[in-house]
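This report concerns only the one structure given below.
Residues take their numbers from the sequence shown, with the count starting at 1.
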Amino acid sequence: QVQLVESGGGLVQAGGSLRLSCAVSTWTFSSNAMGWFRQDPGKEREFVAVISYNGRNTIYADSVKGRFTMSKDNAKNAVYLQMNNLKPEDTAVYYCALDRDTRVVLRTDPSEYDYWGQGTQVTVSS
């Protein structure tokens, strides 16, 4: 069974930084794209970032572009999301997801992802 475990969330003041991690087990994802999504209560799940299987290409949501950076370490079976200059509107549960499709395509629709972690809470205070 594929397992994804997010960590690194917490409470931070506006303007602060957090680094989220996602560790994947029982699956060697060197051939898979990985994505980060977030969801705040009362809102739909929102795309944040996606990275290609080899970590060489990324796409970011306009709302986080220039502030967030996604990276992928195939040797460690882990992905990361460095979040800088956090804003209260970044408050959400952040989810890591794996795209089982091995094609070199970056997808932003959460319905296209096959495996999900349980999420980690990020709360940004004003």
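Relative orientation of the Tyr113 and Phe37 rings is perpendicular, given thresholds of 30° and 60° on the angle between their planes.
A heavy-atom distance below 4.5 Å is found between the side chains of Tyr60 and Thr69. In this structure, the side chains of Val93 and Thr120 stay at 4.5 Å or more apart for every pair of heavy atoms. In this structure, Met70 and Val79 have side chains that are in contact, with non-hydrogen atoms separated by less than 4.5 Å. Here the side chains of Val50 and Thr58 are not in contact, with every heavy-atom distance at 4.5 Å or above. Counting heavy atoms from C-beta outward, Asp90 and Phe68 have side chains that approach closer than 4.5 Å. A heavy-atom distance below 4.5 Å is not found between the side chains of Gln1 and Trp27. Here the side chains of Pro88 and Gln13 are not in contact, with every heavy-atom distance at 4.5 Å or above. Counting heavy atoms from C-beta outward, Glu46 and Ser63 have side chains that approach closer than 4.5 Å.
When all heavy atoms of Leu86 and Leu18 are compared, the closest pair comes out as CD1-N, 3.8 Å. Contact detail for Ile51 and Leu106: the closest heavy-atom pair is C-CD2, 3.7 Å. Summarising the geometry of Phe29 relative to Asp73, their closest heavy-atom pair is CE1-O, 3.9 Å, with the distance given to 0.1 Å. Heavy-atom minimum distance, Tyr94 versus Met83: CE2-SD, 3.8 Å. For the residue pair Ala92 and Arg38, the shortest heavy atom distance occurs at CB-CB, 3.8 Å. The nearest pair of heavy atoms linking Asn84 to Ser17 is OD1-OG, 2.9 Å.
Remark: side-chain polar atoms of Asp99 are not paired, donor with acceptor, to backbone N or O of Met34 under 3.5 angstrom. Under the 3.5 Å distance criterion, the side-chain polar atoms of Asn74 are matched with a main-chain donor or acceptor of Tyr53. Remark: the backbone N or O of Ala33 is not paired with any side-chain donor or acceptor of Lys72 at under 3.5 angstrom. Using modelled atom types, no side-chain atom of Thr91 and backbone atom of Thr123 make a donor-acceptor pair closer than 3.5 Å. Between the side chain of Glu6 and the backbone N or O of Gln118, at least one donor-acceptor pair lies under 3.5 Å.
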**OP:** Start with the C-alpha distance between Tyr95 and Trp36, add both sets of side-chain angles, then the distance that settles ring pair (Phe, Tyr, Trp, His ring centres under 6.0 Å), and finish with yes or no.
**Re:** CA-CA 6 Å; Tyr95 297 92; Trp36 283 100; 9.3 Å; no

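The environment of Glu89 atom CD is dense: over 12 non-hydrogen atoms of other residues, nucleotides or ligands sit within 6.0 angstrom.
Looking only at atom types and distance, the side chain of Arg19 has no donor-acceptor partner in the side chain of Tyr80 under 3.5 Å away. Under the 3.5 Å distance criterion, with hydrogens and angles disregarded, no donor-acceptor pair is assigned to the side chains of Lys87 and Asn85.
Test Leu20, Leu81, Asp40 against Val122 for side-chain contact (heavy atoms from CB on, under 4.5 Å) and you get one pass: Leu20.
Atoms OG and CG, on Ser31 and Asp101 in that order, are 11.0 Å from each other to the nearest 0.5 Å.
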